[in-house]
Asks: 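Dumping the structure here so I can ask a few things about it.
No hydrogens, no waters, no symmetry mates; every other heavy atom, side chains included, goes into these values.
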Amino acid sequence: MPETRNRLPQLGSLRAFEAAARHGSLVAAAAELHVTHGAVSKQIRNLEAELGEPLFERRNRGLFLTERGRWLAERLSTTFAQLEDALADFARREADPPLVVSCEPTLCLRLLIPSLPALRAEAGLDIRVLAAGGRIDLRRDRVDLAIRRDDFPIPGHLAVRPLADEAMGPVCAPALAGTAGLPILHTRSRPDAWPAWRRRGLPAFLGSRDVQFEHFALMLEAAIAGQGIALASLHMVADDLKAGRLTALHPFQPDGSRYVALTDKPISAEGRERRFAEWIGGRMARTLADPPGGFIPAR
């Protein structure tokens with residue numbers, strides 16, 4: 001035969017007793033539970049009757065737990081806390097998990113991560129950021145959307161949503177503006193940046209020497225520290241230009257590439273991927289439309 005369980009007391013009675021025991025007051029328990037003082041008193045009397053023993057001693061208009069009442073109150077407090085945690089976990093599981101976005105490392109550090117609070121407040125999006133560049137396998141890496149510059153062949157099975165044109169320009173620390181013969185800073189992640197700039201007939205900024213950095217972010221930090229002139233992406237240095245950490249030595253110019261959002265399925269009209277792409281693309285478009293340091297659109 002199946003095991004029979006003893007009938008549990010009413011949950012409301014247990015809750016009223018636990019609150020009164022914790023506060024040491026029927027009035028405070030009633031205020032917490034949003035019921036009357038009389039309702040709490042009745043719930044506790046019902047519980048005591050069902051258990052067959054008093055849980056409080058009532059003397060001099062005070063409320064004092066019995067020894068067994070204290071034992072029960074402590075365990076009920078733990079049980080109700082666990083119940084509240086379980087319900088909170090349940091609510092979190094019902095909500096959408098964070099949108100996983102893979103972004104080129106320097107753009108990630110200088111644009112996406114600083115934008116996370118605004119993305120939550122304005123677009124209602126929780127973002128989990130992965131810093132990575134170049135080709136990506138969205139399914140293997142469990143990524144919902146990737147931000148890339150379209151400087152490599154994009155597989156045909158990926159959906160591509162344009163975000164904004166790239167714009168490059170020379171920058172340095174404000175104190176060095178107008179100084180001749182500054183070192184020219186390069187990065188191995190964009191080895192053709194300065195040669196392509198000069199091929200378009202733009203100012204060469206010949207310097208005292210060339211300094212090579214492994215990553216774009218390191219080159220920009222060196223420029224901020226006053227170590228030379230860097231050819232920078234407007235989208236990566238817009239905040240530095242506004243804050244006066246860098247100054248532009250020439251208006252930013254399009255380099256023929258653009259930033260795109262990549263997904264492994266079409267972006268739905270109401271999906272989180274579209275909300276993200278529209279928000280971040282809109283921010284980048286506003287930077288291009290009103291750039292600190294100037295921007296000459298392509299003809």
Side-chain angles (χ1 to χ4, degrees), residues 1-102 112-130 138-145 265 268-276 279:
M1 295 179 59
E3 180 183 353
T4 59
R5 294 185 178 182
N6 293 330
R7 187 176 66 86
L8 293 174
Q10 291 285 332
L11 182 62
S13 297
L14 294 171
R15 195 75 176 96
F17 165 68
E18 187 276 334
R22 179 163 31 86
H23 289 290
S25 164
L26 297 181
V27 174
E32 177 184 313
L33 300 174
H34 305 289
V35 296
T36 65
H37 168 279
V40 172
S41 180
K42 182 179 179 180
Q43 292 272 33
I44 293 174
R45 287 199 304 272
N46 289 343
L47 178 61
E48 289 177 324
E50 192 162 0
L51 296 177
E53 63 180 282
L55 300 171
F56 288 103
E57 294 178 0
R58 296 162 178 84
R59 58 179 186 271
N60 299 327
R61 295 190 176 183
L63 200 64
F64 302 90
L65 283 165
T66 65
E67 183 176 346
R68 282 172 57 77
R70 184 175 298 106
W71 181 93
L72 180 61
E74 290 173 354
R75 280 150 184 80
L76 285 177
S77 292
T78 300
T79 299
F80 281 121
Q82 291 172 340
L83 181 60
E84 289 170 1
D85 289 344
L87 292 172
D89 287 343
F90 177 80
R92 282 193 292 270
R93 287 173 181 272
E94 187 178 45
D96 286 333
L99 185 72
V100 180
V101 177
S102 171
L112 184 52
I113 288 178
S115 298
L116 293 181
L119 272 163
R120 173 188 276 273
E122 298 172 18
L125 292 172
D126 286 322
I127 307 296
R128 180 185 170 209
V129 178
L130 302 178
L138 296 174
R139 291 182 182 275
R140 181 199 63 200
D141 297 335
R142 298 183 180 179
V143 169
D144 296 310
L145 180 147
K265 56 184 178 296
S268 67
E270 303 300 327
R272 294 182 300 157
E273 291 85 354
R274 179 178 290 272
R275 298 209 316 271
F276 174 84
W279 192 94

Asks: If you round to the nearest 0.5 Å, how far is CD1 of Ile44 from CD of Glu18?
Replies: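 Nearest 0.5 Å value for the CD-CD1 distance: 10.5 Å.
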
Asks: Nearest 0.5 angstrom please: Leu14 CG to Thr79 OG1, how far?
Replies: 9.0 Å

Asks: Looking at Pro54 and Thr66, what are the two nearest heavy atoms and their distance?
Replies: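 Closest approach of Pro54 to Thr66, heavy atoms only: O-OG1, 3.6 Å.
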
Asks: Please confirm whether the backbone N or O of Ala123 pairs with a side-chain atom of Arg275, one donor and one acceptor, at under 3.5 Å?
Replies: yes

Asks: Inspect the surroundings of CZ in Arg139 and state if more than 12 heavy atoms from other residues, nucleotides or ligands are less than 6.0 Å away.
Replies: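 No, the 6.0 Å shell around CZ holds no more than 12 heavy atoms from other groups.
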
Asks: Using the side-chain contact (heavy atoms from CB on, under 4.5 Å) rule, pick out the option among Val129, Asp144, Leu145 that qualifies with Val100.
Replies: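 Single side-chain contact (heavy atoms from CB on, under 4.5 Å) partner of Val100 among Val129, Asp144, Leu145: Asp144.
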
Asks: Could you grab the distance from atom CZ of Arg58 to atom CG of Leu63, nearest 0.5 Å is fine?
Replies: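 Separation between the atoms: 6.0 Å.
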
Asks: Decide side-chain contact (heavy atoms from CB on, under 4.5 Å) for Leu47 and Leu55; before the verdict, give the C-alpha distance in whole Å, the side-chain angles of both, and the deciding distance to 0.1 Å.
Replies: CA-CA 9 Å; Leu47 178 61; Leu55 300 171; 3.7 Å; yes

Asks: Closest heavy-atom contact between Ala29 and Ala16?
Replies: CB-O, 4.5 Å

Asks: Is a donor on one side and an acceptor on the other found under 3.5 Å between the side chain of Arg75 and the backbone of Trp71?
Replies: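 Side chain of Arg75 to backbone of Trp71: a pair is present.
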
Asks: Taking the side chain as C-beta and beyond, is there a heavy-atom pair between Phe56 and Leu65 under 4.5 Å?
Replies: yes

Asks: For a quick test of reading the model, state the closest non-hydrogen atom pair linking Leu51 to Pro9 and the distance between them.
Replies: CD2-CG, 4.4 Å

Asks: Between Arg70 and Glu67, does any side-chain N to carboxylate O distance fall below 4.0 Å?
Replies: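 Salt bridge between Arg70 and Glu67, a charged N being under 4.0 Å from a carboxylate O: no.
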
Asks: Might you confirm whether atom CD of Glu57 has over 12 heavy atoms from other residues, nucleotides or ligands at distances under 6.0 Å?
Replies: yes

Asks: Working to the nearest 0.5 Å, report the span between NZ of Lys42 and CG of Leu26.
Replies: 15.0 Å

Asks: Does a side-chain heavy-atom distance below 4.5 Å link Glu32 with Arg15?
Replies: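 Yes, close enough: below the 4.5 Å cut-off.
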
Asks: Heavy-atom distance under 4.5 Å between the side chains of Arg120 and Asp126, does that happen here?
Replies: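 Touching, per the 4.5 Å side-chain cut-off.
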
Asks: Could you pull out the closest heavy-atom pair between Ser13 and Asn46, with the gap in Å?
Replies: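 Shortest heavy-atom separation between Ser13 and Asn46 comes out as OG-CB, 4.4 Å.
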
Asks: Could you check if a side-chain atom of Ser115 sits within less than 4.5 angstrom of a side-chain atom of Trp279, using non-hydrogen atoms only?
Replies: yes

Asks: Given Ser41, which partner from the list Arg45, His37, Gln43 fulfils the side chain to side chain donor-acceptor pair (under 3.5 Å) test?
Replies: Arg45

Asks: Nearest 0.5 angstrom please: Leu99 CG to Leu119 CG, how far?
Replies: 9.5 Å

